[in-house]
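In what follows, a single structure is set out as structure tokens and then discussed.
Computed from a prediction, not measured in an experiment: that's the story for all the values here. Counting starts at 1 for both ligands and their atoms, following the listed order.
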Amino acid sequence: MTSDLFSAEAVILPQGGPLYLQLKRWIEDAVARGAIKPGDALPSERDLAARVEVSRVTVRKAVQHLVRDGLLIQRHGSGTFVAPQQSRVEQSLSQLTSFTEDMARRGMAVRAVWLDRGIYDPSPDETVILGLSPGDRVARVARLRLSGEMPLAIERAALSAETLPDPASVGSSLYAHLDKTGNRPVRAIQRIRAANLEEGDARLLEIPVGAAALHIERIAYLPSGKVVELTRSVYRGDTYDFVAELRVGDAARK
Ligand code: GLP
């Protein structure tokens, strides 16, 4: 169904920047306030151009960007639609939990597709971060993490081979395995930055190349202070929210 919005309201584009970005923002706003809903069809390129009084090239460019961002989807032969809404997973930033635990708390079934698990010569990065000595080797476990059928993240973990001599013995949870062997981390530093997906990761996460994603690096420590895990993950930007609880610090209270 094509939304009434395109016939009912006067289209007043937000001002500033190139026209295609103004139109893009207008469509984003319309979706955000629920004026066009997931599953609604957009008018054809020609109709939309006539309605908004911009060129078809402008419409095409705005739509291409919105498809890339995952807000719209194009189905060959049947048109352009507002993408189905993904329910977002909220992840606390202050708890050192595993993916399996995060999802279990939400009642979501998780599974993993193994992308790699083996023993390798470490990269310079791994050597420094994991504090390896010359000749030490590294265990790598890389997984696509899914909730049901929906891919959520790609996680690539590196641990010293001494900690994880047999990566194939890891079951569905790395932290459960580390728990069993007395190597579960108790503290971690996590760095989060925005990223745009490259082709390989986009394919695995089933979203368009260039779509927004979160790149997360976790360096986790044992009680002794030794680094036990270096994990670099890519989370789908449309399914994950990281939530931090903030408190007034002592300095502000004085
Ligand atoms: C999180 C972290 C990873 C960690 C993983 C363990 O998602 N980002 O650094 O390796 O959890 O999860 P699991 O025990 O489910 O394998």
Side-chain angles (χ1 to χ4, degrees), residues 86-120 122-123 125-126 128-132 138-195 197 201 204-205 207 212-223 225-245:
Q86 305 284 8
S87 61
R88 298 175 76 90
V89 173
E90 274 200 6
Q91 160 72 57
S92 163
L93 273 176
S94 56
Q95 301 291 316
L96 180 55
T97 47
S98 72
F99 185 87
T100 309
E101 291 161 347
D102 292 341
M103 294 301 149
R105 221 173 313 120
R106 294 176 187 93
M108 289 163 91
V110 287
R111 61 193 183 92
V113 172
W114 287 98
L115 305 174
D116 185 15
R117 47 182 157 176
I119 301 287
Y120 295 90
S123 68
D125 234 23
E126 290 166 339
V128 173
I129 295 170
L130 296 172
L132 303 178
V138 76
R140 292 192 192 133
V141 289
R143 295 168 290 173
L144 174 67
R145 317 285 323 242
L146 304 101
S147 159
E149 286 309 306
M150 187 165 74
L152 281 180
I154 302 164
E155 295 203 302
R156 300 182 172 98
L159 301 92
S160 79
E162 199 188 326
T163 306
L164 186 61
D166 180 14
S169 63
V170 175
S172 56
S173 162
L174 176 63
Y175 276 20
H177 183 89
L178 293 177
D179 212 5
K180 252 193 284 167
T181 57
N183 289 309
R184 181 163 174 145
V186 293
R187 187 174 79 83
I189 301 287
Q190 192 152 282
R191 242 172 245 281
I192 304 178
R193 63 178 168 80
L197 283 176
D201 287 353
L204 288 168
L205 292 173
I207 44 179
L214 292 167
H215 188 282
I216 298 168
E217 183 184 270
R218 181 181 286 187
I219 299 178
Y221 299 82
L222 293 173
K226 188 179 178 320
V227 172
V228 63
E229 171 202 10
L230 161 65
T231 295
R232 293 190 171 126
S233 315
V234 186
Y235 282 76
R236 277 175 63 146
D238 59 349
T239 53
Y240 240 76
D241 274 340
F242 284 86
V243 180
E245 183 186 317

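- Looking at E162 and S160, their side chains never bring a donor and an acceptor atom within 3.5 Å of each other.
- Between Y175 atom OH and L96 atom CG the span is 5.0 Å, to the nearest 0.5 Å.
- Tested against Y235 for a side chain to side chain donor-acceptor pair (under 3.5 Å), the candidates H215, R145, E155 yield a single pass: E155.
- Interatomic distance, CG of L130 versus CG of L230, reported as 5.5 Å (0.5 Å rounding).
- Annotation: side chain of R156 is not in contact with side chain of D116 (no heavy-atom distance under 4.5 Å).
- Pocket lining of ligand 1, defined as residues with a non-hydrogen atom under 4.0 Å away: S98, F99, T100, R143, R145, E155, S173, L174, Y175, R218, E229, T231, Y235.
- The salt bridge (charged side-chain N to carboxylate O under 4.0 Å, His left out) pairs that include a residue from residues 175-193 are E101-R184, where partners are two or more places apart or lie in different chains.
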